[in-house]
Student: 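First the structure, which I've put down as structure tokens, then a few questions once you've had a look.
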Amino acid sequence: MDYEAHFKAQIAALHEEGRYRVFADLERKKGAFPRAARHVDGAVSDVTVWCSNDYLGMGQHPKVLEAMREAMERCGAGAGGTRNISGTNHYHVLLEQELADLHQKESALLFTSGYVSNWATLSTLAARLPDCVVFSDAGNHASMIEGIRHSRAECVLWKHNDVEDLDRKMAAIDPARPKLVAFESVYSMDGDISPISDVCDVADKHNAMTYLDEVHAVGLYGPRGGGVAEREGLMHRLTVIEGTLGKAFGVFGGYIAGSAAMCDFVRSYASGFIFTTALPPALAAGARASIQHLKQSQVERARHQERVAKVRRRLEALGIPCMPNPSHIIPVMVKDPVKCKQISDWLLDNYGIYIQPINYPTVPRGTERLRITPSPVHSDEDIDRLVNALSELWSQCALSRVPAAA
Ligand SMILES: *Cc1c(COP(=O)(O)O)cnc(C)c1O
């Protein structure tokens, strides 16, 4: 086989479909977010980032940076081993206690990333509960899908956010079999929020465990940043709450929280937890400082929601179609992969505005979009420049507008 030719043909197919991914080469500027330097062929320009998952700007928060500096000075760079073989640092232990407290659970367990926490936990639970059936929301993230697939357990997809469909599908399975319902709170591409309470009711009715991915909600919702389940007083109803330290908390890493026995079980059996080097202590220290800060400060969450509402209002007033949702994610619908990429390129090259185009397979074909994530550090001037630029490009591409809502 001509391996190189095969790789090139596969890449050419992506180009043809207009969904070849080009990474923006950025240098984030501490103290100046959402500003970043953009590198193109040796040239450097300034851009404003409008698509970051550092939702609250915690990646530049002085308390977070100070905690990381201090931990690095005390402990050095890496953890030096897997958790089992010399790599458990006191900062990991403190962070796990912080996370258990955040979600009001007995225990928590750290992973290399949110992706790995989903993959490792779901694959371990579903594989090691005898004859387990997983009920997976059809909109679930790739990391959950891959974890479930790897478990080789039977998987039943239920219609996105449709608890009646879930109930029907659960009723069709032998009541004696172990069951796990896997879903998310905030879905990251549409920004819709699941009916957590109703899902828990159905799961209880069928004696199932519940697994909730709160990756796009931790730090952002709830009086202490515990996520949508905290806001709605539902944390105690979930068997597993999973989150990331890399998005609103602004650092890196993933975790689960739940009962002591469940966490100990995953700790003891999950290959993706056991056979990998522990997080650098400085990351654990920074994440802990971020969580501690967001547990008691409402300023960031309030300003975040205010900025989101303002951007949405301004875009809607211009008839630029935003998918309606109750969260902080603003999907501006282009519905064409080539135009979506083109608008994104023009924004970047001519206006210094960076919004990555979101195309298939991240979203279904025909729903290509610009996913805008306003943050507390975007100014009124930033918002003016964003909406004016989008409005100009909308006209230039002859994209249709929606009548402004009354
Ligand atoms: C980003 C994401 C993850 C993975 O989290 P990382 O910490 O970035 O690996 C998991 N679930 C969802 C829904 C995500 O969007």
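Indexing begins at 1, ligand by ligand and atom by atom, following the structure's order. All of these numbers come straight from a predicted model, not from anything done at the bench. Computation of the quantities below employed the complete heavy-atom set of this structure, encompassing side-chain atoms and omitting hydrogens, waters and symmetry-equivalent molecules.
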Student: Between R371 and T373, do the side chains contain an N or O donor and an N or O acceptor separated by less than 3.5 Å?
Tutor: no

Student: Atom CG in N140, atom NE2 in H160: separation rounded to 0.5 Å?
Tutor: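 Answer rounded to 0.5 Å: 9.0 Å.
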
Student: Pick one: which of R301, E232, R231 meets side-chain contact (heavy atoms from CB on, under 4.5 Å) with Y221?
Tutor: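 Of all the options given, the one that passes is R231.
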
Student: Does either side chain, that of N388 or that of Y351, offer a donor lying less than 3.5 Å from an acceptor on the other one?
Tutor: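 Checked: N388/Y351 side chains show no N/O donor-acceptor pair below 3.5 Å.
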
Student: Could you pull out every protein residue that has a heavy atom closer than 4.0 Å to ligand 1, ordered by chain and then number?
Tutor: S113, G114, Y115, N118, H141, S143, E184, D213, V215, H216, T244, K247, G253

Student: Determine, for K63 against E66, whether the closest basic-nitrogen to carboxylate-oxygen distance falls under 4.0 angstrom.
Tutor: no

Student: Any Lys/Arg nitrogen of D25 or R38 sitting under 4.0 Å from an Asp/Glu carboxylate oxygen of the other?
Tutor: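 Salt bridge: no.
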
